[in-house]
Each structure stands twice: as structure tokens, then as C-alpha cells.
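Down below is the structure, laid out as C-alpha cells.
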Amino acid sequence: MINTTKIAKSNLKQNKLKSILIIVTILLATTLLAAVGMTCVDWNAYNKERVITYSGTQHGVYVRIDEKKYEEIKTHSDVESIGIINGLGIKKYEDETKIGISYINNKAIDFNSINIIEIKIPTKKNEIMLDDLALEKLGYEKKLGQKIKIDYDDYAKEGVTRTELILTGISKANDMSQVKK
């Protein structure tokens, strides 16, 4: 036993630098692997956050459904809640900017992560909520109660519809809207 201890001590003294390098290498490798793992977890959380910010929290979207299909989806046991967005038309500009005009209910507002600045939810046919970019593009200031005149391509009928609406809400356009115009 004494000989084994002496051999181990003399081996450590002779290979002291090599042992220190091995320990440092193991520490650095462990730190690197931990950092990569934590970075991947952070990226995943950040990507989820971005998706919610830009796309909302809905789990699915159905397009062009009739009342019967809506009721079927609404009463399905796996569906917890449902929001409605009904596209009415679109205003297009020469610089490829577009303003979509839609009916949207309160649940759909929650699902789409709309950042509301000032609001009285539009309840009448002649009321509208616009984001700050749309107001700027249309040439209006951010003031509730003003009359907004807008011409848009109506989905329901051919041609342009001219209408005058009362501004009852203002929302903040997200970064993706600014990039997309």
C-alpha cells in the first residue's frame, strides 16, 4: 500500500502540468456544453414569444366557412374558444402598402395579440378601429371620434366602396406590419 501511494504521488509530481491541463480542458468542455444547451433553450423560448407577438395565440385558422361549419367547429369538444375575423375588403396603394378591412370580434382580438392604445370597441356598422400605421397612411391623426373616409376594394361586390366611418379605437402596429407595410 505504501509503495502504491508513493508511486501515485511521484506520478502526480512528474505530470503536474499535464493533470492541470486535463482538468482545465474538462472544465472548459463542460462550460461550453452547458452554454450551448442554455442558448438553445433561450432560442426556443424567444421563437415562441415572437410567434405569439406576430401571429397571435390561435392554434388554427379556418377560411371561407359557412354558418353550419362554424357551429360544428364551435361545438366540438376539443375547441375551447373561437374568434371570428370576416374580411370585408382591402385598400391598396401604389407602393404595395395594403390596409385590410375586417370585422373582428373580441376573442379574435385576444388571439391576434393586438396591442390596443386607445379603444372603445366598435359596435356599430359605421365605427372602425385602425392601427397607427393605417391612420398615418390614410393621412389622419391619432384622435378618437374623428370621421375617416376610406375607399376600398369590397370583397362582397365588384368595384370600390366609398365609406365614412367613425374612429373608435387605435392599436399599435407590430414590427411585422411595419416591415410588410
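For reference, positions follow the sequence shown, starting with 1. Below, each value reflects all heavy atoms present in this structure, side chains not excepted, and no hydrogens, waters or symmetry copies.
Counting heavy-atom neighbours within 6.0 Å of Gln146 CD, excluding the residue itself, gives a total above 12.
Taking 4.5 Å as the limit, some side-chain heavy atom of Thr163 sits within range of a side-chain heavy atom of Tyr152. The shortest distance between side-chain heavy atoms of Leu144 and Ile170 falls below 4.5 Å. Between Thr161 and Ile150, the closest side-chain pair of non-hydrogen atoms is not below 4.5 Å. Side chains of Asp153 and Val160 form a contact here, defined as non-hydrogen atoms less than 4.5 Å apart.
Val41 forms part of no hydrophobic cluster, judged by ILVMFWY side-chain heavy-atom separations under 4.5 Å. Within the hydrophobic cluster formed by Ile, Leu, Val, Met, Phe, Trp and Tyr side chains joined at under 4.5 Å, directly or through other members, Ile166 stands alone, with no partner residue.
Shown here are the side-chain hydrogen bond (donor to acceptor under 3.5 Å, both in side chains) partners of Asn126, two or more places apart in sequence or in another chain: there are none. Taking Asp151 as the reference, Arg162 meet the salt bridge (charged side-chain N to carboxylate O under 4.0 Å, His left out) condition, with sequence neighbours excluded.
There is no path of hydrophobic side-chain contacts, each under 4.5 Å, that joins Tyr103 to Ile128.
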Item to check | Candidate pair Lys149 and Tyr140, rule side-chain contact (heavy atoms from CB on, under 4.5 Å), full reasoning | outcome: CA-CA 10 Å; Lys149 293 180 182 176; Tyr140 292 96; 3.6 Å; yes
Checklist entry - Hey, mind stepping through Lys137 and Asp131 against salt bridge (Lys or Arg N to Asp or Glu O under 4.0 Å) and telling me if it holds? => result CA-CA 10 Å; Lys137 188 67 180 177; Asp131 66 35; over 6 Å; no
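We find the CE-OG1 distance between Met129 and Thr168 to be 8.0 Å, quoted to the nearest 0.5 Å. Within the model, atoms CG of Leu33 and CG of Leu28 stand 11.0 Å from one another, a figure rounded to the nearest 0.5 Å. One finds the CG atom of Leu130 at 6.5 Å from the CG atom of Leu138 (value rounded to the nearest 0.5 Å). Separating the CD1 atom in Ile101 from the CG atom in Asp154 is a distance of 8.5 Å, to the nearest 0.5 Å.
Annotation for Ala108 and Ile104: closest pair CB-CG1, 3.4 Å, computed over non-hydrogen atoms. Annotation for Lys142 and Asp132: closest pair CE-CB, 3.5 Å, computed over non-hydrogen atoms. Of all heavy-atom pairs spanning Glu127 and Leu165, the tightest one is N-CD2, 4.4 Å.
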Under 3.5 Å, which donor-acceptor pairs do the side chains of residues 68-91 form with other protein atoms, sequence neighbours left out?
unit_1: Thr75; atom_1: OG1; unit_2: Glu71; atom_2: O; d: 2.9
unit_1: Thr75; atom_1: OG1; unit_2: Glu72; atom_2: O; d: 3.3
unit_1: His76; atom_1: ND1; unit_2: Asp78; atom_2: N; d: 3.0

What donor-acceptor contacts under 3.5 angstrom involve side-chain atoms of residues 11-26, with partners at least two apart or in another chain?
unit_1: Asn11; atom_1: OD1; unit_2: Asn15; atom_2: ND2; d: 2.6
unit_1: Asn15; atom_1: ND2; unit_2: Asn11; atom_2: O; d: 3.4
unit_1: Ser19; atom_1: OG; unit_2: Asn15; atom_2: O; d: 3.1
unit_1: Thr25; atom_1: OG1; unit_2: Leu21; atom_2: O; d: 2.6

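At least one test fails for Lys98 against the ring of Tyr93: distance under 6.0 Å to the centre or angle within 45° of the axis.
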